[in-house]
> 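Structure provided below as structure tokens; questions to follow.
First the proteins, then the strands, lettered A, B, ... as listed; each starts at 1.
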Amino acid sequence: MDAFDLFRKLGAGAKFDFKRFGKDADRFKQGEMEGEGILWTSSADRKAKGLQKVERDKEKISMKRLKQLHQEKVNRVRAQHRINVHGCDVPDPVCTFSELQSEYGLNPRVLQNLSSAGLTTPTPIQMQAIPLMMHGRELLACAPTGSGKTLAFCLPLLTHLKQPANLGFRALIISPTRELASQTHRELVRLSEGVGFRVHILDKASMAAKKYGPSSNKKYDILVSTPNRLVFLLKQDPPALHLSSVEWLVVDESDKLFEDGRSGFRDQLAAVFQACSGPRVRRALYSATCVPDVEQWCRINLDNLVSVNIGHRNSAVETVEQELLFVGTENGKLLAMRDIIKKGFLPPMLVFVQSIERARELFHELVYEGINVDVIHADRTQQQRDNVISSFRSGDIWVLICTALLARGIDFKGVNLVLNYDFPTSAVEYIHRIGRTGRAGHTGRAVTFFTEDDKPLLRSIANVIKQAGCPVPDYMLGFKKIHSVVVREADCHVIVFDPRHGQNKVCIRICSFDSCNNPAHYA
DNA sequence: AAAAAAC
């Protein structure tokens, strides 16, 4: 065993930076060789024994110093990228994709696919989560929206599987919506191009064909699906799908899939976990937001859990300029919306509403405005949903009205504005919705309408906005469950006031609304 | 609290 192998063992997967620690390494190597020479000579010589001890001490000190220097460097890299990690024996982060080839045997063709896709440097979550999964570690990963989580689990899967094999599905990825499953599937296909993996998505056609049943040839490797489809196939007698060959189970948007209650995802997810019964199954849970429930579950059920957090947990991405807009009433929303359209905006824009019915209504209000607007929600047919997504991606639709269906994971290139037409139902939903813009380091903008009715949640959203570095009026942060804060008039700040609205006079502003009596704010 | 998720 040479010095570096020994070092690696002690560092528990630590990598060695030859450039940075070259001098220490040389000194160390020399010391080791001298030491060895002594070890193998006759032990009868006392002098030699004394020398041996000196050399051993030298070696110990040198080793300790090396470890220390190395750890300092690793700490610096983690701090610089805001990587927080909890767990035992955590491997070092990688700083380049090519290290993944040299250190972990990433397929060169995959590396080539990465660079053709313009991906040159790993993002913080990729730097730390990839080595962890490469070491077969189970993990809970939390990283901001648009920070590269999909790639962070896809690369280790492809490396782990090595090459196509006819053993049945060896990797499974679960997503909360069909749109997200389909996007992840596409990403995997693109990433593994030329390697020959059979990447499948569970859709109606594949389910009808019964092609994963007991009599199938098992010529497939990776499966992407929403949970209920899987459960449906698993429940059939005999089961139309076997997951006992699964070696990696990835739960994307994990907090969503842990949602409890009568119609939550949790039971479905439990059935999937149970079906992945192989002795070697490893599990990884990813999301931009993490709730205590999920963390608790992971601590109890995962093997030697490592949790990785990038930046602060449950925070909005900092590349989005966020704004709260008081619109007074329902009618005020529509007026403000028309105002945005009239003033001119840079498409594409995503507009979130709280229910399917509201999505339909808003669509009918806007369809005659002379802009390319469409709507998507779970009550539309899969064909319609697919068409809408592809038209929005291609730029044929400028304004897309949507429900929470599109709140998570969906990666539209270059969404310029996310409009929360209806107030989000929680801070977590807010974080995911506005995360459809400002992705991969690009800038974005999010505007959130609010009315009197939204006051109960205003404070928690205002806190998220403030934490992301956007200004919010102090009184919003001071809101308590029982409103008792007296608001100074100086806090009443008119954002938009358009006298052209005639009879439907509207005041659009950030202020305390109920205690504001400034007539200028009401025209 | 609504949405999503099978046929």
> What is the distance from CD1 of I201(A) to C1' of dA5(B), rounded to the nearest Å?
14 Å
> Under 4.0 Å from OP1 or OP2 of dA5(B): is there any side-chain N or O of R385(A) that close?
yes
> Please state how far atom NZ in K210(A) lies from atom C1' in dA6(B), giving the value in whole angstrom units.
13 Å
> Holding to side chain to side chain donor-acceptor pair (under 3.5 Å), I want the full list of residues that pass it with R186(A), two or more places apart in sequence or in another chain.
none
> In whole Å, I'd like the distance from the CD atom of E179(A) to the P atom of dA5(B).
6 Å
> Nearest whole Å is fine: how far is dA5(B) C1' from K204(A) NZ?
11 Å
> Would you mind classifying the nucleic acid contact of P227(A) as base, sugar-phosphate or nothing, using non-hydrogen atoms under 4.0 angstrom?
nothing
> Please check the phosphate of dA4(B) (OP1 and OP2 only) for any side-chain N or O of R408(A) closer than 4.0 Å.
no
> Taking only the side-chain heavy atoms of T425(A) (C-beta and beyond), determine which of dA1(B), dA6(B), dA3(B) contains the nearest atom.
dA1(B)
> Within this structure, what is the NE2-to-C1' distance between H377(A) and dA3(B), rounded to whole angstrom?
12 Å
> Look at the side chain of S355(A) and decide which nucleotide, out of dA3(B), dA6(B), dA4(B), has an atom nearest to it.
dA3(B)
> Which whole-number value in Å describes the distance from L405(A) CG to dA1(B) P?
22 Å
> Which heavy atom of P156(A) sits nearest a heavy atom of M134(A), and at what distance?
CA-SD, 3.9 Å
> Could you list the residues that satisfy salt bridge (charged side-chain N to carboxylate O under 4.0 Å, His left out) with D303(A), not counting sequence neighbours?
R282(A)
> Calculate the interatomic distance between D255(A) atom CG and dA4(B) atom C1'; express it in whole Å.
14 Å
> Judged by modelled atom types alone, do S460(A) and N463(A) share a side-chain donor-acceptor pair under 3.5 Å?
no
> Contact class for I356(A) (heavy atom, under 4.0 Å): base, sugar-phosphate, or nothing?
sugar-phosphate
> If you take any heavy atom closer than 4.0 Å to DNA chain B, which residues from residues 258-271 of chain A end up in contact?
E259(A), S263(A), F265(A), Q268(A)
> Which residue pairs satisfy the salt bridge (Lys or Arg N to Asp or Glu O under 4.0 Å) criterion with at least one member in residues 383-405 of chain A, sequence neighbours excluded?
E179(A)-R385(A)
> Measure CD/Q354(A) against C1'/dA2(B) and give the value in whole Å, please.
8 Å
> Side-chain N or O of S426(A) less than 4.0 angstrom from OP1 or OP2 on dA1(B)?
no
> Which pairs, with at least one residue in residues 393-449 of chain A and sequence neighbours excluded, count as a ring-ring contact (aromatic ring centres under 6.0 Å, His included)?
F392(A)-F412(A), Y421(A)-F449(A)
> Taking salt bridge (charged side-chain N to carboxylate O under 4.0 Å, His left out) as the definition, give me every residue that meets it alongside D293(A), ordered by chain and number, with sequence neighbours left out.
R266(A)
> Within less than 4.0 Å of OP1 or OP2 of dA5(B), is there a side-chain N or O belonging to R229(A)?
no
